[in-house]
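Take a look at the structure set out below.
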Amino acid sequence: MTTATSTPPPKVGVETFAQAVSNWQKSEGRHHLPWQNTRDPYRIWLSEIMLQQTQVGTVIDYYHRFLKRFPTLADLARASQADVLAYWAGLGYYARARNLHRCAQTVMEQWGGKFPETPEQIATLPGIGRSTAAAIAAFSFGGRAPILDGNVKRVFTRFFGVFGYTGTKAVETELWSIAQAILDHGPRDLDMISYTQGLMDLGATRCTRTKPDCTHCPLTTSCYANLNNAQKALPSARPRKLVPQRECHMLILLHNDNVLLEKRPQTGIWGGLWCLPQFNEFDALENACVNWGVKPSAQSKMATLQHTFTHFKLQITPWWLTVKRIPLAEPNNDYCWQPLNLLADTGLPAPVQKILHGVRQSLLSNNKA
DNA sequence: AAGGCGTGGCC
DNA sequence: TGGCCAAGCCT
């Protein structure tokens, strides 16, 4: 029983910070996520990439599916980019998948199939920056280098009272210094696995964005935000700008139960993914239709949908047309006729998947009627 | 050095 | 409801 005579919890400073987090993780942290309890750099790397800007709950299913299809780094390196993207479709930030694939091939060709072990070496690989490299090094090899992801930024800005938007160079630099200083002043025998995981667990389960659970935080007695009731003010909010509204038209061209898909360029939105042919202006869509011997009308116009990206909003107007026969054309890697019942195996952006799902449902119910 | 890059969950 | 954010990296 705690009484007035018991000693208060010790203050946590830069010297004791790391040990406090490590100890807390061992007793109160998460220990059963699918990518824990392994030292396999392939699995750890895959999880770290999937978890970039993506929540744990979203990643878990993708992670299992991906590993089942690509059990080893060598399997991934051998696969086609289309296959990899198909298993990434819906997860977003598709450059991650393209880089993941390139990275697998780099490790096979330049590192003899063995994942490099130091944070510096790991950070030279495509799609792996300083923080992800440190996490992979810590979890796979016990490497001692600091991470700085969204969780850690939230914990550090609150604990140390760092004001200013974390997206600016100045604040980012300051937070990296803190992250490094904690390791420099920490014990030589610090367990880097539990410390690194502990920082993430603290941010995910205690030091959350809204309603942080300060009463169950191991750092609460020394936390700037807790002592100053500044949890809501930290981390400082991002200065928001108006996001532009754009519109486009998408062509749903059906031939029997096949739909025309177009491969998007490697760079830009939805890079490398299959997509419905997209046009900024209706006139351009109408012109494209001439080549297929069809003409869009009010009948073919479908309900518009609104899709929101980080930096703009896109209003999509789909046009549904049916062609009787396909004109002969040169074989082309940039478009294909895809059977509607195979869409799940194709890498498609979320709104396109949604549109075509509706098309398929509509066809199925018509056939029944 | 700031902005591009997806999607889903949360309140 | 819409605005904000989540295990960042690249250019």
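Protein chains get the first letters and strands the later ones, always in sequence-line order, with residue 1 at the start of each.
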Determine: side-chain N/O of [X] to OP1/OP2 of [N], distance under 4.0 Å, yes or no.
X      : N     : answer
A/W270 : B/dT7 : yes
A/Y94  : B/dT7 : yes
A/H307 : B/dG6 : no

Let me spell it out: for each of A/R154 and A/N99, pick the nucleotide of DNA chain C with the closest heavy atom. Which residue's pick is nearer the 5' end? A/R154
Got a donor-acceptor contact below 3.5 angstrom from the [X] side chain to the [Y] backbone?
X      : Y      : value
A/R264 : A/C275 : no
A/T196 : A/M192 : yes
A/R158 : A/N226 : no
A/T220 : A/C214 : yes

The criterion is ring-ring contact (aromatic ring centres under 6.0 Å, His included); which residues satisfy it with A/F279, sequence neighbours excluded? none
At 4.0 Å (heavy atoms only), tell me whether [X] reaches a base, stays on the sugar-phosphate, or touches nothing.
X      : answer
A/A135 : nothing
A/W35  : base
A/P239 : nothing
A/T210 : nothing
A/G203 : nothing
A/K313 : sugar-phosphate
A/L100 : nothing

If the plane angle is over 60° it's perpendicular, under 30° parallel, otherwise tilted; pick one for A/W292 and A/W337. perpendicular
What is the ring orientation for A/F282 with A/H249, classed by angle as parallel under 30°, tilted 30 to 60°, or perpendicular over 60°? perpendicular
Interatomic distance, A/R78 atom CZ to A/M108 atom CE [nearest 0.5 angstrom]: 7.0 Å
State the OG-CD1 distance between A/S47 and A/I136, to the nearest 0.5 angstrom. 8.0 Å
Polar contact flag, side-chain donor to acceptor under 3.5 angstrom, A/Q55-A/T58: no
Start at the 5' end of DNA chain B and walk down; is the nucleotide closest to A/K211 or to A/P349 reached first? A/P349
Which residue lies toward the 5' end of DNA chain B, A/G167 or A/R238, if each is placed at its nearest nucleotide? A/G167
Can you check the [X] [atom1] to [N] [atom2] distance for me, whole Å?
X      : N     : atom1 : atom2 : value
A/R209 : B/dG9 : CZ    : C1'   : 10 Å
A/Y93  : B/dG3 : OH    : P     : 14 Å
A/F312 : B/dC5 : CZ    : C1'   : 9 Å

Gap in Å between the two [atom1] atoms, one belonging to [N] and one to [M], rounded:
N      : M     : atom1 : value
C/dC4  : B/dG3 : P     : 15 Å
C/dG8  : B/dA1 : C1'   : 16 Å
C/dT1  : B/dG8 : C1'   : 16 Å
B/dC11 : C/dA7 : P     : 15 Å
C/dT11 : B/dT7 : C1'   : 23 Å
B/dC5  : C/dC5 : C1'   : 15 Å

Using a heavy-atom cut-off of 4.0 Å to chain A, what are the terminal contacting nucleotides of DNA chain C, in 5' to 3' order? C/dG3 to C/dC10
Please report whether the ring centroid of A/F70 lies less than 6.0 Å from that of A/Y42. no
Within residues 40-69 of chain A, which residues have any heavy atom lying less than 4.0 Å from an atom of DNA chain B? A/Q53, A/T54, A/Q55
